[in-house]
J.: 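Before anything else, here's the structure in question.
Because only heavy atoms are used, hydrogens play no part in the values below, and waters and symmetry mates are left out as well, while side chains stay in. Numbers here are sequence positions counted from 1.
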Amino acid sequence: CTYNATANNGTQGASNNFTVDAKGTASFKVPAPAPFTTYHVVTSCTGDFGGQPVEFGHDEQDVSL
């Protein structure tokens, strides 16, 4: 899985690659956006199904303080 937070003002965002086991969960810490900054966050998970790569999870949202 991947977590990518892109800042709206050119400052550094955040990213993380992580693994989720079957029926599992994952957690990690990420920095909060600076004041007056919005992160566009995309979390996406892919896996193998029948020998083909498939996306089985995808979420997008904007985050700001």
J.: Are Phe28 and Val63 linked, directly or through other ILVMFWY residues, by side chains that come within less than 4.5 angstrom of each other?
T.: yes

J.: For Leu65 and Pro33, which heavy atoms make the closest approach, and how far apart are they?
T.: CD1-O, 2.9 Å

J.: Within a reach of under 6.0 Å around CD of Glu60, are more than 12 heavy atoms found that belong to other residues, nucleotides or ligands?
T.: yes

J.: For Ala14, check side chain to side chain contact (heavy atoms under 4.5 Å, CB included) against everything at least two apart and list the hits.
T.: Tyr3, Ala5, Pro31

J.: Out of curiosity, Thr11 OG1 to Tyr39 OH, how far, rounded to the nearest 0.5 Å?
T.: 5.5 Å

J.: Which pairs pass ring pair (Phe, Tyr, Trp, His ring centres under 6.0 Å) with one or both residues in residues 45-65, sequence neighbours excluded?
T.: none

J.: By side chain to side chain contact (heavy atoms under 4.5 Å, CB included), which residues pair with Ala26, not counting sequence neighbours?
T.: Phe18, Val20

J.: Using only heavy-atom distances, determine whether the side chains of Thr37 and Asn9 contain a donor-acceptor pair under 3.5 Å.
T.: yes

J.: Please list all pairs meeting side-chain hydrogen bond (donor to acceptor under 3.5 Å, both in side chains) that have one or both residues in residues 18-31, counting only residues at least two apart or in different chains.
T.: none

J.: Could you work out, with ring pair (Phe, Tyr, Trp, His ring centres under 6.0 Å) as the rule, every residue matching Phe36, not counting sequence neighbours?
T.: none

J.: With sequence neighbours excluded, tell me which residues meet side chain to side chain contact (heavy atoms under 4.5 Å, CB included) with Ser15.
T.: Asn4

